[in-house]
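Data block below; observations after.
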Amino acid sequence: DTGVSQNPRHKITKRGQNVTFRCDPISEHNRLYWYRQTLGQGPEFLTYFQNEAQLEKSRLLSDRFSAERPKGSFSTLEIQRTEQGDSAMYLCASSQQGGGETQYFGPGTRLLVL
Amino acid sequence: AQKITQTQPGMFVQEKEAVTLDCTYDTSDPSYGLFWYKQPSSGEMIFLIYQGSYDQQNATEGRYSLNFQKARKSANLVISASQLGDSAMYFCAMREDPYGQNFVFGPGTRLSVLP
């Protein structure tokens, strides 16, 4: 299967701890996106990479959040000093430049901050 | 202002019947894309169908079709011959302009297919 993969699938942490999530996009896709989804809501855009360059960040991405895509392949999303309000599903998607720009999503990482 | 509106929080449909899920959008950009995704309880967002703002014909993908009414800014999803496995959340999303990359999602509609 060559879809988008995310690890871990679930993460439980205590308030104040740091967490890091990984996303591996579809191999030929050069664009990668992170979204956050809280219960009962649609996904909200966090940030977007084209190759290794982070081109857009939402105001939702506070200074406790950082994302990287060092070699233009996989990406990591780190949350420092987690807060209970960070509890959500974190979704990663990838797309290929050109065409309809359809984004294909991974299974998500569900974060619970106690 | 809401860019994507889905006015049906929940819908029920009998198995084998057709169902329409509503989506209206708000944009002043002449070039945009509209997408529908399905999210089962497992959480993964599954791409269903895409409609470009300049496409002349309504998009179709198997049992899914998109009723695109540009003047009314609506992009309703029609699912024909509903199956029990269609029970899920359905999200309408929009990408504005050819170079804008982030999607804006609606709040979703929960579809329940009854046997």
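Throughout, a chain's letter reflects where its sequence line sits, starting with A, and its residues are numbered from 1.
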Toward chain B, the part of A:Glu44 with a non-hydrogen atom under 4.5 Å: neither

Donor-acceptor pair, side chain of B:Tyr37 and main chain of A:Phe105, under 3.5 angstrom: no

Least distance between heavy atoms, B:Ser42 atom then A:Arg9 atom: O-NH2, 4.1 Å

Neighbour count above 12 (heavy atom, 6.0 Å) for A:Ile12 CD1: no

Within 6.0 Å of CZ in A:Arg15, more than 12 heavy atoms from elsewhere: no

CD (A:Glu28) with more than 12 external heavy atoms under 6.0 Å: yes

B:Lys73, NZ atom: more than 12 neighbouring heavy atoms under 6.0 Å: yes

From A:Thr102 atom OG1 to B:Phe47 atom CZ, the distance as rounded to the nearest 0.5 Å: 4.0 Å

Partner chain A: residue of B:Arg110, B:Met45, B:Met89 with the largest heavy-atom pair count (under 4.5 Å): B:Met45

Within-4.5 Å side-chain heavy-atom neighbours: B:Phe105 and A:Tyr35: yes

Closest-packed option against chain B by number of heavy-atom pairs under 4.5 Å, given A:Gly42, A:Ala93, A:Pro43, A:Ser58: A:Pro43

Chain A contact via B:Gln51 - side chain, backbone, both or neither, heavy atoms under 4.5 Å: neither

Neighbour count above 12 (heavy atom, 6.0 Å) for A:Leu114 CG: yes

Heavy atoms from other residues, nucleotides or ligands near CD of A:Glu52 exceed 12 (cutoff 6.0 Å): yes

B:Lys38, NZ atom: more than 12 neighbouring heavy atoms under 6.0 Å: yes

Heavy-atom pair count under 4.5 Å with chain B, highest-scoring of A:Met89, A:Gln41, A:Gln37, A:Arg110: A:Gln37

